[in-house]
Amino acid sequence: MSRSFPLERIRNIGIIAHIDAGKTTLTERILYYTGRTYKIGDVDDGTAVMDWMTQERERGITITAAATTCQWLDHRINIIDTPGHVDFTAEVERSLRVLDGGIVVFDAVAGVEPQSETVWRQADRYGVPRICFVNKMDRIGADFYRNVDMIRERLGASALAIQLPLGAEDSFEGVIDIIAERAWVFSDDPNESPVAKDIPRDYEEVSSRYREAMIERLAESDDELMALYLEGGTINASAIKEALRRATIANRVVPVLCGSALRNKGIQPMLDAIVSYLPSPVDVPPVVGIDPRNGKELQRSPTDSDHFSALSFKIVSDPFIGRLVYFRVYSGKVEAGAQVYNSRSERRERIGRLLQMHANRREEVKRVEAGDIAAALGLKDTFTGDTLCHTSAPIVLERIRFPQPVISVTIEPKSRAEQDRLDDALTKLGQEDPTFITRYDEETGQTIISGMGELHLEVIVERLLREFQVGANVGRPRVAYRETITVPVKVEGRFIKQTGGRGQYGHVWIELQPGKQGSGFEFVNGIKGGIIPKQYITPVESGVREAMEGGVLAGYPLVDIKAILYDGSFHEVDSSEIAFKIAAAMALKDGVKRAKPILLEPVMKLEIVTPEVFMGDILGDLNSRRGQVASIDSRGTTKIIRCFVPLAETFGYATDLRSMSQGRATFAMEFHRYEGLPQDLAEKLVVKVGGVA
């Protein structure tokens, strides 16, 4: 990874989409046409290079984000192929955090699907410029123009078609490049080059209309093109491409292309678009971080000469070579064997080996530089979201935020001899996946694992058996309920203990307020005049935080609470950090009991696609599951039902839906938000878990 490519010719991109839109198939074609592989991998045959895990090949879905590198038109393209299933959304989150651009893939028949919206919002959150690829144009029901409209309407994006399909469904043969005003015809044979020809007469009018609309839209957001447009002269392809690149990088427009990855059509023009329109590391703003020594804001420029800074975004426990840490270099460079500083743990670590990854295959390199994505061996105390930097110039980059798990099961080893191996395996899996959490329940003596869905935990258990050779018994799925308060209260916490020698004295007054939905926990220090010394404020916050791990109704974690420390007292001799920590915990528990606590349950957003004949049965079933229908749309002879259903009512839904629809209906599900559990169900749950009503 020497500087064989200038930074301007590097593209760090991710491929994101709803499940089954064709991301991995598209990536396999990219690898083939760029010469990275000599044979096209197939998802259905289990030969896809990027789906290298055994579970991925058996299930035909992507489970973990895989990184690779290829070259096109003297550019290096670093690609991360991400999962489409909502249970593995953390893989998309961590990938988008370190990427400069994205390709969003849409099914030409289904259009914008639920997970399409989720990944689009994730890309918006990180300000990632993207292009859209409408895939599967050869399928019956494919409609490119409807896809463009859906991207605008449902995603709120300024979608700009820069290609038009040449034919559709079984007559789809290529694309019309409306910028260059040429048509490209493709063969199903991947070894045959695309043929350029004039735009067919039947397409001249629509092509001209879309080209004019594209130029007008670009001129509105680009001063240079606007000047050319107002002059009334001919605007050449070069000027359009330059304006389109500026607008795409600025996230003012989203270019839309089309093709059929499975039939090897439209891949080369899409690669051209990656190079032409998506940003290089120098096209995005310098990364911003915090100086851990004084809290001041710092910037790191994407140059080899600046101080080294990198963000770790993925941990993999490789059974053959050990613990791999994937990281993105934002500035500077580092060599194998060098010492780096982890600004989270405040420790120095030595990089053993540096690797360039191609799915699960590795190529050893001597150094990595600004703009590179690589993996390192030897970093034992580095985890997802940690910043690695130069020892003399520490910086803390923004960490990656992950959604909270919504489903839990109990797990135990099949034999006592396997307990230690199970604990070790669960620790490694937790390091790899921040949305997989393990905890030990002191009251029941059970180990509880939590994740994003049934499939997520199912894959985890399979990995325990296959990769770690640990047999385990798994209990029934349990919903990750939460508790919160509904009214504000002011509460006193007093911990006074007098023994023969020095005693303990901690005294606080805390106001608890209901927080906004999804706000988590907020602590406010309202102490004035030194009523409580500064050294005891942090222990008070720690005491409240720890007490929130178990609620007062049924022991579920407390969320969405604002705690304001506003009064208290201390003793010159007997006060201590532990005394104030205990006093704060006592105040929190007592206050929550008086603040009319309620139970919250996770509610899922479902989108069900079904033939119209089965709609009545499906709606009746949703009603029995406490579902709330948001909308029902028509798409030909099928119906699309969008609704919200509590997670507790969705277990086994895939099987039930197949039974109701003779296997013809499909559904997609993702987490929506937490909502209050009805009182009658809350009372039953409290009794069931042995809580206090």
Side-chain angles (χ1 to χ4, degrees), residues 290 292-295 343-346 385 396 399 401 404 437 439-440 442-443 482-499 501-600 674 691-692:
I290 300 296
R293 296 167 297 191
N294 54 31
S343 55
R344 176 198 58 82
S345 64
E346 299 182 348
V396 180
R399 291 182 66 85
R401 296 184 179 90
Q404 289 295 311
I437 295 176
R439 68 181 178 88
Y440 182 74
E442 296 283 354
E443 294 183 5
R482 297 287 186 265
E483 298 182 23
T484 192
I485 60 175
T486 57
V487 297
V489 294
K490 293 183 178 180
V491 63
E492 181 184 25
R494 184 190 295 267
F495 180 68
I496 301 174
K497 189 175 183 181
Q498 192 63 49
T499 56
R502 179 179 173 179
Q504 295 285 353
Y505 185 96
H507 175 221
V508 296
W509 276 94
I510 296 174
E511 181 178 356
L512 301 178
Q513 297 178 356
K516 292 182 179 179
Q517 190 176 74
S519 61
F521 170 67
E522 182 184 357
F523 179 80
V524 177
N525 175 20
I527 294 297
K528 296 177 181 178
I531 299 172
I532 297 177
K534 287 184 178 179
Q535 67 263 33
Y536 299 137
I537 303 300
T538 299
V540 170
E541 181 178 356
S542 298
V544 175
R545 283 187 182 276
E546 289 183 15
M548 286 181 65
E549 293 177 4
V552 300
L553 291 176
Y556 293 106
L558 287 153
V559 295
D560 301 342
I561 292 178
K562 182 178 182 179
I564 304 171
L565 173 64
Y566 69 93
D567 201 357
S569 62
F570 74 102
H571 191 280
E572 291 284 356
V573 177
D574 292 347
S575 284
S576 65
E577 292 186 0
I578 189 66
F580 273 94
K581 188 174 182 180
I582 295 172
M586 293 168 64
L588 185 281
K589 291 291 187 184
D590 185 36
V592 169
K593 289 177 183 176
R594 293 194 274 142
K596 296 184 179 179
I598 60 169
L599 281 167
L600 301 174
Y674 273 93
V692 180

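Hydrogens, waters and symmetry mates play no part in the numbers below; they use all other heavy atoms, side chains included. Since the structure is predicted, the reported quantities are computational estimates derived from the model, not experimental observations. Numbering of residues begins at 1 and proceeds along the displayed sequence.
Here the closest non-hydrogen pair linking His571 and Tyr505 is N-CD2, 3.6 Å. Nearest heavy-atom pair, His507 versus Ser569, reported as atom, atom and distance to 0.1 Å: ND1-OG, 2.6 Å. Nearest approach of Gln517 to Asp560, heavy atoms of both residues: CA-OD2, 3.7 Å. Contact detail for Thr486 and Lys596: the closest heavy-atom pair is OG1-O, 2.7 Å. Closest non-hydrogen pair, Tyr556 versus Leu599, comes out as CD1-CD2, 3.9 Å. The heavy-atom pair separating Val540 from Val508 by the smallest distance is CG2-CG1, 3.9 Å.
Looking at residues two or more places apart in sequence or on another chain, you find no salt bridge (Lys or Arg N to Asp or Glu O under 4.0 Å) involving Arg482. In this structure, Tyr536 has no side chain to side chain donor-acceptor pair (under 3.5 Å) partners at least two apart in sequence or on a different chain. Listed by chain and residue number, Asn342, Arg347, Asp381 satisfy the side-chain contact (heavy atoms from CB on, under 4.5 Å) test with Ser345 (two or more places apart in sequence, or in another chain). When the salt bridge (Lys or Arg N to Asp or Glu O under 4.0 Å) test is applied to Glu549, no partner is found at least two apart in sequence or on another chain. The side-chain contact (heavy atoms from CB on, under 4.5 Å) search around Arg399 returns Arg344, Asp386, not counting sequence neighbours. For Ser519, the side chain to side chain donor-acceptor pair (under 3.5 Å) criterion is met by no residue, not counting sequence neighbours. When the salt bridge (Lys or Arg N to Asp or Glu O under 4.0 Å) test is applied to Glu511, no partner is found at least two apart in sequence or on another chain. Checked against ring-ring contact (aromatic ring centres under 6.0 Å, His included), Tyr674 has the following partners two or more places apart in sequence or in another chain: Phe671.
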With a cut-off of 3.5 Å and sequence neighbours excluded, list every side-chain donor-acceptor pair involving residues 576-583.
| from | atom 1 | to | atom 2 | distance (Å) |
| --- | --- | --- | --- | --- |
| Ser576 | OG | Gln504 | OE1 | 2.6 |
| Ser576 | OG | Ala579 | N | 3.2 |
| Lys581 | NZ | Glu546 | OE2 | 2.8 |

Contacts table for residues 584-595: side-chain donor-acceptor under 3.5 angstrom, sequence neighbours left out:
| from | atom 1 | to | atom 2 | distance (Å) |
| --- | --- | --- | --- | --- |
| Lys589 | NZ | Ala547 | O | 3.2 |
| Lys589 | NZ | Gly550 | O | 2.1 |
| Asp590 | OD2 | Arg594 | NH2 | 3.4 |

Report, one line per pair, each donor and acceptor closer than 3.5 Å where one atom sits in a side chain of residues 524-531; sequence neighbours left out.
| from | atom 1 | to | atom 2 | distance (Å) |
| --- | --- | --- | --- | --- |
| Asn525 | OD1 | Ile527 | N | 3.1 |

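We find the CH2-CG distance between Trp509 and Leu565 to be 12.5 Å, quoted to the nearest 0.5 Å. Rounded to the nearest 0.5 angstrom, Leu558 CG and Thr484 OG1 are separated by 7.0 Å. Here the OG atom belonging to Ser542 is positioned 11.5 Å from the CD1 atom belonging to Ile537, to the nearest 0.5 angstrom. Taking CD1 from Ile485 and CD1 from Ile561, the interatomic distance works out to 4.5 Å, rounded to the nearest 0.5 Å. Taken from CG in Asp567 to CD in Glu492, the straight-line distance is 9.0 Å, to the nearest 0.5 Å.
Glu483 places no side-chain N or O within donor-acceptor distance of the main-chain N or O of Pro597, the cut-off being under 3.5 Å.
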